[in-house]
Amino acid sequence: MSKPKIATASLAGCFGCHMSLLDIDERILDLVELVDFDKSPINDLKKFTGKVQIGLIEGGCSTDENVQVLRDFRRHCEILISVGDCATQGGIPAMRNTVPLLECLEEAYCNGPTVYNPSGAIPNDPEVPLLLDKVYPCHEVVKIDYFLPGCPPSADTLFQAIVALLKNEPVDLPYELIKYD
Amino acid sequence: MNLAERSFITKLCQSCGKDPHRLMDIIIGVQGAYARVSGDAMNLIAAELGLPRVDVESAVSFYQFLSKEQKGHVRIRLCDDIIDRMYGFDRILKAFSEELGIGLNQTTPDGKFTFETTACIGMCDQAPAALMNNVVVTNLNSDSVHDLVESLRKNLNPEQLVKKTGNGNNSHPLVRAMVQNNIRRRGPVIFQDFTPGEALRKGLAMSPMEVIRSVKTARLRGRGGAGFPTGMKWEFTRAAAGDRKFIMCNADEGEPGTFKDRVILTEKPNLIFEGMTLAGYAIGAGEGILYLRGEYTYLLDFLNETLKERRASGLLGKSILGKDGFDFDIRIQLGAGAYICGEETALISSCEGLRGDPKNRPPFPAQKGYLGYPTVVNNVETFCCVSRIIEHGAGWFAEHGTKGSSGTKLLSVSGDCRMPGVYEVPFGISIHELLEMVGADDTYAVQIGGPSGQLIGRADFQRTICFDDLATGGAVMIFDEDRDVLEIVQAFMDFFVHESCGYCTPCRVGNVLLKKKLEEIRAGKGEPSDLEYLKSLGETIKATSRCGLGQTSPNPILTSMAHFPDAYLKLLHEDKQGYQPTFDLDEAVATAARIAGHGRVHHED
Ligand SMILES: Cc1cc2nc3c(=O)[nH]c(=O)nc-3n(C[C@H](O)[C@H](O)[C@H](O)COP(=O)(O)O)c2cc1C
Ligand code: SF4
Ligand code: SF4
Ligand code: FES
């Protein structure tokens, strides 16, 4: 029987959650015993090869491209998991949510104290994704099956959660792993 | 602030004995005279009363009728509750906007008019209705709006709008309102003739304990909604230790769809005041306060006059009816537009000159109420029942109604029926019988007890109005087949969100979430799982809120889901791809697309 597949993506995140996944160190060898990596920055596979069982999402949705990727994941993954505070709540990027979009862009490209931009233009190349009016946590855009909080969730948390899911066992995360102060 | 305003405020504070507990009277007075309570005014009031400024500001900011910003000479407040929405609210709103040249919550540049909406003002049987300062205008239509504004522009005097006064005491020189009583059915208890002093004379011949025993034998239960046994409440308050005791009459009548107390206040004030005096005698209280909702300010002078007459006839004041040692007097406390102030502990806060926040219970008002003294709070109608019980006897009273719910109940009926108005019916009447009585032939849904009560459908019309089945403070709203159930529910949730005092998170935040989800469902973005969400969130809000507002606020949703499931189900769809129907990508990128000057490039695969 072929192994189940896992895919991962980083949307409006800092890649810290992916770093945390890599932080499982040599246990990655145990992981690949259980699962094959499909579309993911870890193996640099850009496209889904087909249906996958588990999708891990880092980061919330800040652009139309983020939404497109997330929806693509939702269509391909049986189980979709929001990983980290950005995916589950918007996180640091969502700090812009209290400021109207135009003001954000003007601060970034025109008015900020360190900005050098003689033309005063806000970038509008079609290749640049369009920003959403605010940053959305993933579950406000698609259905999410599980949430792993933390910034980032520790390597142990990620490893234990994924293994439990693959082995169809209940996750039993000790207190230290889900205590955040 | 000019000298005149300064001296006005100083005098006002003096006339209230510089008593911080009279803050409400002072800020309502300043608002009335200057159409705002400015920062300077607050400083002065604070200094005069020896309060921190923040206490004054926190009270001013709490009440809807008070404002720090300057309002217009004439403040037009249009009722936007469901009954008005059914009878042309949108058209009237538009007509006012056009005539005045301003939108909602704006003031005309010349400072003449401010235009706002408000929750039910107790005129549902003559809706659409509005307040122009303290003047009530009823039966509005888009044609009459033009004339109203025209006439106001000339003299800025809303009282001149009253061309024809209503029936009964609405035409009394101290009332002069265009309001109609619409008393459709007079029962034996409330709407019969009453000679002031009749009940009191009999009561004072009894011992205080005998008065309480009569109220208990009559099995009287509170008419304000919760139905607590009145005699028991009095017994507790009598037994509680305190140098002073108080009687409070709850005439806040804020539950949308309720307007029966308004008619009692207009036609039978002596029955109320006599009941309060009997209560004072029974529990050993020397002072009474009637808390009158700000919307009924037009009745204030008339009620004060009635009190004056009672004093002159020896029915209030020292040694009442010659009874040595029984001194009792009543004052009227005006409210300023807050539904929550009908909750008894919030009502007490408001009378104390505070924000209308509910208090923690225990201690209950019977132990520690107004100013910390044992206090009885009862509804207007409850006090009227007391007068009749003492006048005609407990046995006579208990013959009416049912075993668990003795006496009659006033119902204020509005909505889709031929004869909206006030009905005095015996407890135990079925919804069927009631609908027939009021001329409602094609009824689809009935809201019993206002937004905090329940919305029932045809399957429940054989049920009866009484404390053991369908309890109500008096509101009965009737809806025909062509009404949108979820629009009704939406109006009620808007109401609760607006009126929550904000103290507890479940009520302050939870109701907003309920309202938002309902809006999504109505916009076609709902899913089957939303029903479970609404149910569990609603149950949580009920279980974890501090006062009756939060404990009942999910009822419009919960009871409509139970009795009208199809109203919801027909709007719900499951998204096959697992997308959230509430997320609209085009809408979310609209601003960025406008800024960039081009639309989306990253399309779905
Ligand atoms: C939010 C809220 C609003 C209320 N409004 C009123 C009201 O307008 N009039 C009233 O008599 N009771 C109102 N009540 C009920 C009072 O708290 C109290 O139970 C009642 O005045 C007691 O009098 P009764 O026993 O004679 O009914 C309200 C309760 C809540 C929770
Ligand atoms: S949750 Fe923390 S680590 Fe993960 S993407 Fe967000 S900021 Fe980075
Ligand atoms: S339940 Fe609502 S109205 Fe009552 S105290 Fe809490 S927040 Fe205030
Ligand atoms: S007066 Fe408008 S609903 Fe009661």
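The basis for the numbers below is simple: all heavy atoms, side chains too, and nothing from hydrogens, waters or symmetry mates.
Within 6.0 Å of the CZ atom in A:F147, the count of heavy atoms belonging to other residues, nucleotides or ligands exceeds 12. The local environment of NE2 in B:H563 is crowded, with over 12 non-hydrogen atoms from other residues, nucleotides or ligands closer than 6.0 Å. The neighbour count for A:K143 NZ, taken as heavy atoms of other residues, nucleotides or ligands under 6.0 Å away, is above 12. Within a 6.0 Å sphere centred on CZ of A:F48, heavy atoms belonging to other residues, nucleotides or ligands number more than 12.
Listed options B:G597, B:A596, B:G599, B:A590 were ranked by heavy-atom pairs under 4.5 angstrom with chain A; first place goes to B:A596. Heavy-atom pairs under 4.5 Å with chain B peak, among A:I122, A:L131, A:L80, at A:L131. Listed options A:V141, A:N124, A:I144 were ranked by heavy-atom pairs under 4.5 angstrom with chain B; first place goes to A:V141. Contact count against chain B (heavy-atom pairs under 4.5 Å) is highest for A:D133 among A:D125, A:D133, A:L70.
Put simply, the side chain of B:V589 reaches to within 4.5 Å of the side chain of A:L132, judged on heavy atoms.
One finds the CZ atom of B:F583 at 6.0 Å from the CZ atom of A:R71 (value rounded to the nearest 0.5 Å). With rounding to the nearest 0.5 angstrom, the CG atom of A:L101 is 9.5 Å from the CZ atom of B:R594. Here the CD atom belonging to A:Q68 is positioned 9.5 Å from the CG atom belonging to B:L585, to the nearest 0.5 angstrom. If you take CZ on A:R75 and CD on B:Q577, they are separated by 6.0 Å, rounding to the nearest 0.5 Å.
Applying the ring pair (Phe, Tyr, Trp, His ring centres under 6.0 Å) test to pairs two or more places apart or on separate chains, those with a residue in residues 16-40 of chain A are A:F15-A:H18.
Both the sub-6.0 Å distance and the 45° axial angle are not jointly satisfied by A:R74 relative to the ring of B:Y579.
Across all non-hydrogen atoms, the minimal contact from A:L130 to B:A592 is CD2-O, 3.9 Å. The heavy-atom pair separating A:D64 from B:R600 by the smallest distance is OD2-CG, 3.7 Å.
In this structure, chain B has a heavy atom under 4.5 Å from the side chain of A:L105, while its backbone stays farther away.
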